[in-house]
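Below is one structure, written out as structure tokens; the observations come after it.
Values below: all heavy atoms of this structure, side chains included; hydrogens, waters and symmetry mates excluded.
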Amino acid sequence: MDTTNNQVKCSEKSVRLVLPDPDPISSAGLGLAGDIVHQDDVAPKRPGCANNFVLVKVPTWINGLEDNEYVGVGARFGPTLESKEKHANHTRLALADPPDCCSKPRNQLTGEVILVHRGNCSFTMKANVAEEAGASAILIINNQTELFKMVCESDADVDIKIPALMLPQDAGSRLEKYISNNTMVSVALYSPKRPAVDIAEVFLWLMAVGTILCASYWSAWTAREVAIEQDKLLKDASEEILEVGAGSSGFVDINTMSAVLFVVAASCFLVMLYKLMSFWFVEVLVVLFCIGGVEGLQTCLVTLLSWCFQRFAESFIKVPFFGAVSHLTLAVCPFCITFAVVWAVYRRISFAWIGQDILGIALIITVLQIVRVPNLKVGTVLLGCAFLYDIFWVFVSKWWFHESVMIVVARGDKSGEDGIPMLLKIPRIYDPWGGYSVIGFGDIILPGLLVAFSLRYDWLTKKTLRVGYFIWAMTAYGLGLLVTYVALNLMDGHGQPALLYIVPFILGTFITLGKKRGDLKTLWTRGEPERPCPHVQLQPLEQRE
């Protein structure tokens with residue numbers, strides 16, 4: 001792809017590259033920080049012009065004192081840069097004269113890094129002129145805040161021995177101003193590599209697995225309590241009371257149609273996010289996330305504290321518009337609201353991810369406790385549709401929208417924000433580029449619905465962990481998520497649809513075990529064992545005769 005700058009006389013052959021901030025997130029469901037290596041087929045490689053487009057760190061020193069660090073992008077041509085900062089030389093920066101470096105500089109160069117303006121000739125010509133003049137590297141200031149991939153012309157001389165990289169307009173203008181004021185500016189150029197595995201991925205894996213584990217036990221415990229209560233009603237109460245008790249369980253059982261409609265609605269919402277993504281729209285999402293987070297955090301805290309303060313949990317007071325509310329809920333609610341508001345106000349500070357994860361985990365656990373998959377059939381339809389949803393919006397959507405819709409939405413492009421809030425994230429501690437490892441709520445909630453179903457089934461059928469389905473479903477989820485991380489690192493940090501790997505693990509394990517144990521029909525249709533009515537007394541055949 002050739003882009004032409006109408007403000008210069010000669011066009012420069014380049015490919016537009018919108019780079020992320022130094023520490024963005026880049027994920028589709030699950031991902032790492034922004035890509036460091038940018039591959040494309042638009043700018044083909046050839047001998048002397050075969051470098052990958054890599055991000056380059058440019059730390060600066062002003063009169064010997066360390067100053068700002070900028071990020072540029074390396075060119076397709078020239079030698080590759082050092083990957084470790086300690087091996088990168090501190091070199092003085094000089095301005096080109098003329099500024100475009102399309103002809104031999106008037107100033108004498110003795111190994112300095114030369115700072116030049118984009119325009120009036122090709123990138124390779126600038127690099128060749130700078131090399132002949134004695135420069136050790138060339139920094140090209142773009143005429144926009146975005147960066148461009150600097151490629152080679154078909155007839156260009158690519159026997160270039162000095163590194164070349166592009167800086168954004170604001171960074172280059174700042175450095176140029178320092179030098180124009182007779183200030184000594186030094187720079188170092190290096191392109192550090194991401195570690196193969198970061199400890200953040202381990203903690204994120206534990207966070208996702210632990211969230212489903214806690215939610216599953218809570219859901220199974222609640223289901224068992226409801227089942228016990230219903231058995232009591234069957235034995236001691238009338239049919240009218242039984243109907244009232246059965247209708248007040250507080251659960252939402254989804255069916256096959258609602259599972260399909262959910263994925264369709266999620267697709268429509270994703271497209272709306274993609275089309276309307278802006279600062280104000282992310283602010284709306286933050287408000288919605290805070291409302292859900294408050295409800296989730298309040299539910300979790302009230303449930304935990306009710307063990308210690310049972311009297312307050314069982315005493316109620318009437319509140320206008322809300323009806324009967326327990327005293328414990330009234331005590332916890334202000335804290336939850338304050339917590340969410342403080343996070344929303346200070347969510348851009350470095351450790352705000354802790355508050356986001358607390359609200360997110362509480363919301364996920366509450367959803368998994370309220371929403372239930374009644375049987376394996378509904379779970380298979382739900383995860384199957386989600387499987388196709390993830391693949392389509394991460395990979396196939398590129399054919400229609402020329403970019404991955406899921407990744408763009410998760411990154412929060414065009415919003416000025418650090419991604420949407422519906423993510424669990426942990427900073428990449430040992431990554432020189434910073435950023436976050438993230439996982440979307442859907443990659444926990446949707447598989448978690450089936451995992452929670454497996455534990456409810458085990459408890460209601462009185463199966464032990466060894467002969468039940470829960471331990472296998474949990475293992476399948478953990479392995480699927482682990483394979484996702486492996487694929488993520490093999491793909492140089494490009495966002496991966498986690499459900500692409502998790503769904504086959506969970507459904508394959510469930511269906512295989514169910515068929516082998518002879519439980520598949522019950523799992524697929526009823527999802528729970530039959531409970532005979534205690535009022536019906538079956539008599540032996542001989543006694544009836």
Side-chain angles (χ1 to χ4, degrees), residues 211-231 233-234 242-266 299 363-389 441-463 467-474 476-477 499 502-503 505-515 517-533:
T211 299
I212 290 182
L213 185 68
C214 295
S216 298
Y217 271 97
W218 187 8
S219 176
W221 175 78
T222 307
R224 186 172 64 176
E225 292 295 311
V226 171
I228 293 173
E229 190 67 26
Q230 288 181 353
D231 287 341
L233 290 172
L234 281 169
L242 175 62
E243 290 177 2
V244 173
S248 57
S249 63
F251 300 133
V252 177
D253 284 338
I254 60 176
N255 54 35
T256 304
M257 180 59 67
S258 61
V260 175
L261 292 177
F262 169 78
V263 176
V264 173
T299 302
L363 177 58
I364 291 171
I365 291 177
T366 302
V367 170
L368 290 177
Q369 194 272 332
I370 296 174
V371 181
R372 302 195 313 181
V373 168
N375 53 49
L376 183 57
K377 177 183 177 181
V378 174
T380 300
V381 172
L382 178 65
L383 289 185
C385 292
F387 175 82
L388 298 175
Y389 165 89
F441 286 3
D443 299 326
I444 301 176
I445 292 176
L446 297 179
L449 289 172
L450 199 55
V451 175
F453 161 75
S454 69
L455 186 58
R456 289 197 305 271
Y457 181 83
D458 288 351
W459 281 21
L460 293 175
T461 55
K462 296 180 173 59
K463 292 181 181 291
V467 298
Y469 291 90
F470 172 70
I471 191 68
W472 293 100
M474 250 342 292
Y477 177 79
L499 296 180
I502 294 173
V503 170
F505 270 89
I506 292 184
L507 291 184
T509 299
F510 235 120
I511 294 173
T512 301
L513 278 178
K515 186 174 183 180
R517 296 173 176 177
D519 297 332
L520 186 57
K521 183 176 180 180
T522 303
L523 288 168
W524 189 262
T525 54
R526 290 185 53 83
E528 61 181 24
E530 294 186 16
R531 298 201 303 272
C533 180

Can you give me the closest heavy-atom contact between [X] and [Y], atom names plus distance?
X	Y	result
I364	I444	CG2-CG2, 3.9 Å
I445	L368	O-CD2, 3.4 Å
L523	G514	CD1-CA, 4.1 Å
G379	V373	N-CG1, 3.5 Å
I506	P447	CD1-CB, 3.6 Å
I254	P374	O-CD, 3.1 Å

Is any side-chain heavy atom of [Y] closer than 4.5 Å to one of [X]?
X	Y	value
L376	L520	yes
V378	L449	no
F262	V371	no
Y457	T522	yes
F510	T380	no

Hits for side-chain hydrogen bond (donor to acceptor under 3.5 Å, both in side chains) against S454, two or more places apart or cross-chain, chain-then-number order -> none

By salt bridge (charged side-chain N to carboxylate O under 4.0 Å, His left out), D458 pairs with (sequence neighbours left out) none

- Task: Decide side chain to side chain contact (heavy atoms under 4.5 Å, CB included) for I365 and W218; before the verdict, give the C-alpha distance in whole Å, the side-chain angles of both, and the deciding distance to 0.1 Å.
- Result: CA-CA 8 Å; I365 291 177; W218 187 8; 3.2 Å; yes

- When you look at I502 and L383, which way does the side chain to side chain contact (heavy atoms under 4.5 Å, CB included) test go after all the steps? CA-CA 9 Å; I502 294 173; L383 289 185; over 6 Å; no

**Asked** Going by atom types alone, do R372 and S219 pair a side-chain donor with an acceptor below 3.5 Å?
**Response** no

Name all residues meeting the side chain to side chain contact (heavy atoms under 4.5 Å, CB included) criterion together with [X]; count only those two or more places apart in sequence or in a different chain, and write none if there are none.
X	answer
K377	T256, N375, W524
R517	Y469, W472, L513, D519
S216	I212, V451, A452, L455, F470

CZ (R456) and CG (L460) are apart, to the nearest 0.5 Å, by 8.5 Å

Output for pair (L363 CG, F441 CZ), nearest 0.5 Å, gives 5.5 Å

Residues pairing under side chain to side chain donor-acceptor pair (under 3.5 Å) where one sits in residues 257-266, two or more places apart or in two chains, turn out to be N255-S258

T222 and F251: CA distance, side-chain angles, deciding distance, side chain to side chain contact (heavy atoms under 4.5 Å, CB included) verdict:
CA-CA 10 Å; T222 307; F251 300 133; 3.3 Å; yes

